[in-house]
Amino acid sequence: MNRPNRAPRWLSRLALLLTLLVSWSAGAQARSCSAVACVAAGPRLLSVDSQRSVILNGLFQGLLGGGSLTLSAADWNAIANADVNLGLFLDALKAGADVGTTAGALNTDVTLLQVLDVAAQAAQTSGNTAAVNALNLLRPALSAPNGTIRLGDLLKLEGSSAAFLTSQVNLLNLLTGSVQLFNYRNAVTTPTPVTLNPLSVSLSGLGLGVNAVTPTVRVYLQVIEPPVYRCGPQGTQFNTAAIRAKLNVNLGGTQLNVLGLTGGKLTLTTLDLYLEVAKASGTIGTVDAINRALSLDAQPGVAQLGLGQISDSVFFNRSVANPFASLTQAIIGTVDLSVTVPGIFPLPDLIVPIVLNVRAKAFADGTYPLATVTATPPYPQTYTVGSSSAAVGTLVGTLLTSLGTPGNLTLELRDPAPLVPAALLTSTISSALSPVLSTLGLVLRPVLETVLMATVDQVLRLLGIGIGEAVFTVGGVGNVCAVTGVVYHDRQPDGTRDAENWDGPTTFVNAVTGGRVQASAAVPAGAGTFTLALGEGTYTLPVARTAAAISAGNPAGFVFVSPLNGTRTVTVTAASTSVPEQEFGLFQGDRLSGVVFRDDGRGPGGAAHDVTQQGAETALAARTLTVSGTQAGAAVTRSAVTAADGSYTLFVPGDWTGVTFRSGASATEVVTGVRLNGVAALTGDVSDPALRDYALPAPSGADQTLNAGLTGRVGLTPDRSGRGEAPLTVRYPHTFTPGTTGAVSFATTGGFGGQVFLDSDCSGVVSDAERTAVSSVTVDDSWPRLPDGRLRSCALEVEVTVPAGTAVGTTRATFATASLAWAGRPDVQDLASVTDTTTVTPGAELVKTVENLTRADGVIAPAVDALPNERLRYCLNVRNTTPDPLTGVTVSDTLQGVAAYVPGSLTLEGAALTDAADTDAGEIVTRTITVRLPDLPVGATQRVCFEVLVP
């Protein structure tokens, strides 16, 4: 009969609570997952009334071999209704047992008091104060017994615990199971009795002269096999406890009519019943993780019942496999009779009362069929196979049949009867045997059935046991996968496993969820393989130095390569059939990582030259970084290229010495500093070689973080030279590159002296409006930048003036310098300079001609005649008659007299020039015409023309 009941919560959360009896092969990735179910024996006790609380007190006392318990119904209910997280319970157990792993804690000998303290601690962490207070009331009783248990014998966590540590465990069932385990392990051979609640057995209608009896029943219990709760795949077995119980039934001298025996009275005193209920067992059948369904084969345990007497030293001796072989008769009552002895005339017949002891023994053996049930969600679901009510009736019937077996029931004379002839006495006893047997059959059936059912209801079911029935609760169905992988020494390192094994120290791969290690696998030197059995959920798998670590920790001398954080993530779902192999590559040596950036204080919040990337300071991508050193006497180098965010990773082998780091600075850059593991080393000089080749500590298997700041050098290019006839003014064009932020000072020395003009808007040329001499400029975040973040270069002119009278052939060099004091670090100075060389030459030949355009006679001469209103064209003809090319030649002519300049008539080599002082080569300002000529190679000519009108 399948009878789903409301499921006990402790078993619902026990769904992933217990052991995973799963066999996997580490390399069997074709199907490394297995559907599992969790099954436990017996239902949960949902409520405790006052009568049951008395039984619970007595039950604990009996199983513990004594002590005193007086918990109220409210106290027991507080415990019965308390669930704690199994993970919290096992964490507290590990701490209490001073053991680092779950398996170690479960296999450590602990006292019942330690179990109580661990349960109370878990309840306290869960905030269940009522349960804590009730548990503390159990301390005296659990402190007294000597002996220990191993919780691993009850909670079979033989596989990975990761599948069930997030589930809940009911405190009452945990304590009841622990007490049963204690009773089994510590061989309590003289149990303390448990007195059942008052019973009443109706005998009305039987003609026995009594309508009811109220036997007092005391039960002595011994656990001969502890319960086992399990989770596992198809084929996993589970079982209840097996119990031996001695029932002392005191009928208080109830006197009954012996049917069929005139005047016979049967007095029942005490019955000793011996009951052994073997473990009810079951097997998980087909499990469907996706649909959360399973089949379950369950069979009630064999029940054996004896009436009579068995020595306690035999019955409560677990080494005696069949104590019923020692069953002997016991006196269960007496029969009062009268024997008529015929008188010898003249004496009358003599009526002699006699008392017969009723001696009895009987044995019954009940077996019960296997049944199959199908379990479906929602879970938990409780299923009952068989029925104690039906089984008890059959077992009692078998016992009474056994009682009728010749020799099992005998009557014997309690006191001598010398007046009764022996033959008559024998005949009387023989004739009384059948009526007594019949009467016993009538009275013992209801009495024994009531007593046994009361024992089942009041005691055995508290231990998850029934006669002829098996009650199991399915807590849930899930999926468990064997997660396999390998830890290897990645010697390249390239993140790819070649023929590489693990030659480092023993390390661990832990499965972490909920902030706790749920499973751990040790990986010693060798193949490097590991296997973890994980239930449904998402887990992080860190490689760690200890089995208790929840985050990655590189083994001594090694650093992580793949993955770089030493942690992978796996997810097991109901539909998972396999999980890909997890690989962890480690390198023996240091891992050097960080960022390279332009340390010029760009953007709001930026601070320059402090080796801290902040504000909008630009990451430097595609920079080649190198580490160099010596290995086995030879020079060695490794390199890496920075990513788009400026990040990089370099691996330094553990056997390198004299290791240095080069940050990829170009010839036009300087290293502002490096920051190794948070400690900055700032440059004090733009040419500091200690930072260009920065010395690193000897590699020791550490993660080193090294950030490098780079910035540009100040630049002033190129050198220039020029020639001309004195007096002469030459403007030498240059390109000024600030490089980084700071204060720049400009100066000129030597030569003919000079002034500096700066293209302040970085347009590329120095305009006339910008020809105001500058001696300094501040380069800050407002300075124009290139798209890649560098500060833009600007035009700069050095103007050199050669005074009149300077001898031909005179050559002088003018030195222009740009000196930059770094922003935030004015002690660091950067200097750039150019040399402008000016030579005084004989000068170019200049011939001025004029032509009367009004007359159009074609005469071009140094002078012509002109009348009012006639138009003249003047031309300035320049020819380089010097031995060198001329640069920076300017011609000027000031109109004399009253002739008026014709607007728009100015040309250079026939090309029109504007009259205004703008960007082209010429202008006219207050009757002075000025034109700047292009460079004049040797022998080259240029002609400047303009027109006037004679008034």
Side-chain angles (χ1 to χ4, degrees), residues 203 206-210 213 215 246-275 304-312 314-315 322-341 352-365 395-449 451-452:
L203 300 179
L206 298 180
L208 300 175
V210 175
V213 294
K246 174 184 175 182
L247 283 65
N248 181 265
V249 183
N250 186 348
L251 294 170
T254 299
Q255 194 171 68
L256 309 167
N257 295 328
V258 179
L259 301 180
L261 188 62
T262 302
K265 295 293 183 181
L266 173 63
T267 301
L268 292 178
T269 54
T270 299
L271 307 178
D272 281 335
L273 299 175
Y274 299 89
L275 175 67
Q304 294 179 301
L305 178 65
L307 170 66
Q309 184 176 5
I310 303 174
S311 169
D312 286 352
V314 173
F315 188 70
N322 180 19
F324 294 98
S326 300
L327 181 68
T328 60
Q329 286 183 326
I331 297 174
I332 64 172
T334 59
V335 175
D336 293 302
L337 295 176
S338 296
V339 179
T340 301
V341 179
V352 179
I354 61 173
V355 179
L356 303 178
N357 287 331
V358 181
R359 301 181 64 87
K361 75 170 182 177
F363 174 72
D365 192 344
L395 191 65
V396 169
T398 303
L399 184 79
L400 294 178
T401 299
S402 171
L403 185 63
T405 300
N408 281 356
L409 179 68
T410 59
L411 302 176
E412 63 179 11
L413 189 64
R414 187 185 68 181
D415 302 313
L419 298 178
V420 182
L424 180 58
L425 187 60
T426 299
S427 173
T428 300
I429 292 174
S430 177
S431 61
L433 187 60
S434 179
V436 169
L437 178 61
S438 297
T439 301
L440 283 174
L442 289 175
V443 69
L444 289 183
R445 179 175 292 276
V447 168
L448 295 183
E449 288 179 356
V451 167
L452 289 177

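The structure presented is a predicted model; accordingly, all values stated were derived computationally and were not measured.
- Among residues two or more places apart in sequence or in another chain, the salt bridge (charged side-chain N to carboxylate O under 4.0 Å, His left out) test is passed with Lys246 by Asp312.
- In terms of heavy-atom proximity, Pro435 sits nearest to Gly260 at CG-O, 4.1 Å.
- When every heavy atom of Leu261 is checked against every heavy atom of Ala432, the shortest pair comes out as CD2-CB, 3.8 Å.
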- Task: Could you walk me through whether Val436 and Leu356 pass the side-chain contact (heavy atoms from CB on, under 4.5 Å) test, one step at a time?
- Result: CA-CA 11 Å; Val436 169; Leu356 303 178; over 6 Å; no

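- Residues Leu452 and Leu247 meet the side-chain proximity criterion, which asks for heavy atoms closer than 4.5 Å.
- Rounded to the nearest 0.5 Å, atoms CD (Gln304) and CG (Leu399) are 12.0 Å apart.
- None of Val249, Leu256, Thr439 except one satisfies the side-chain contact (heavy atoms from CB on, under 4.5 Å) rule with Leu268; the exception is Leu256.
- Rounding to the nearest 0.5 Å places CG of Leu400 at 10.0 Å from CG of Leu395.
- Thr410 meets the side-chain hydrogen bond (donor to acceptor under 3.5 Å, both in side chains) test with Gln329; sequence neighbours excluded.
- Between the side chain of Ser402 and the main chain of Ala362, no donor-acceptor pair closer than 3.5 Å is present.
- Taking CG from Leu444 and CG from Leu403, the interatomic distance works out to 7.0 Å, rounded to the nearest 0.5 Å.
- In terms of heavy-atom proximity, Ala360 sits nearest to Ile332 at CB-CD1, 3.9 Å.
- The closest side-chain heavy-atom distance from Asp365 to Thr398 is not below 4.5 Å.
- For the pair Ser326 and Val314, the tightest heavy-atom approach, listed with the atom from each and the gap, is OG-CG1, 3.8 Å.
- Looking at Thr401, its side chain does come within 3.5 Å of a backbone N or O of Gly397 through a donor-acceptor pair.
- Between Leu203 and Pro446, the shortest heavy-atom distance links the atoms CD2-CG, 3.7 Å.
- Aromatic ring orientation, Phe315 versus Phe324: perpendicular (interplanar angle above 60°, classes split at 30° and 60°).
- Among Asp336, Val339, Val335, the one residue that satisfies the side-chain contact (heavy atoms from CB on, under 4.5 Å) test with Ile354 is Val339.
- Gln255 approaches Val210 most closely through the heavy-atom pair O-CG2, 3.1 Å.
- Note on residues 428-438: no pairs pass side chain to side chain donor-acceptor pair (under 3.5 Å), not counting sequence neighbours.
- The CG atom of Leu424 lies 10.0 Å from the CD1 atom of Ile429; values are rounded to the nearest 0.5 Å.
- For the atom pair CG (Leu266) and OG1 (Thr334), the distance works out to 7.0 Å, reported to the nearest 0.5 Å.
- Note: Asp272 CG to Ile331 CD1 = 11.5 Å, rounded to the nearest 0.5 Å.
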- Begin with the C-alpha distance, continue with both residues' side-chain angles, and end with the deciding distance and a verdict on side-chain contact (heavy atoms from CB on, under 4.5 Å) for Leu413 and Val420. CA-CA 12 Å; Leu413 189 64; Val420 182; over 6 Å; no

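- For Gln309, the side-chain contact (heavy atoms from CB on, under 4.5 Å) partners are Tyr274, Thr328, Ala330, not counting sequence neighbours.
- Applying the ring pair (Phe, Tyr, Trp, His ring centres under 6.0 Å) definition to pairs two or more places apart or across chains, none involves residues 399-437.
- Pairs passing the salt bridge (Lys or Arg N to Asp or Glu O under 4.0 Å) check and including a residue from residues 432-447, sequence neighbours excluded, read Arg445-Glu449.
- Val443 is not listed as a side-chain neighbour of Leu206, based on a closest heavy-atom distance of 4.5 Å or more.
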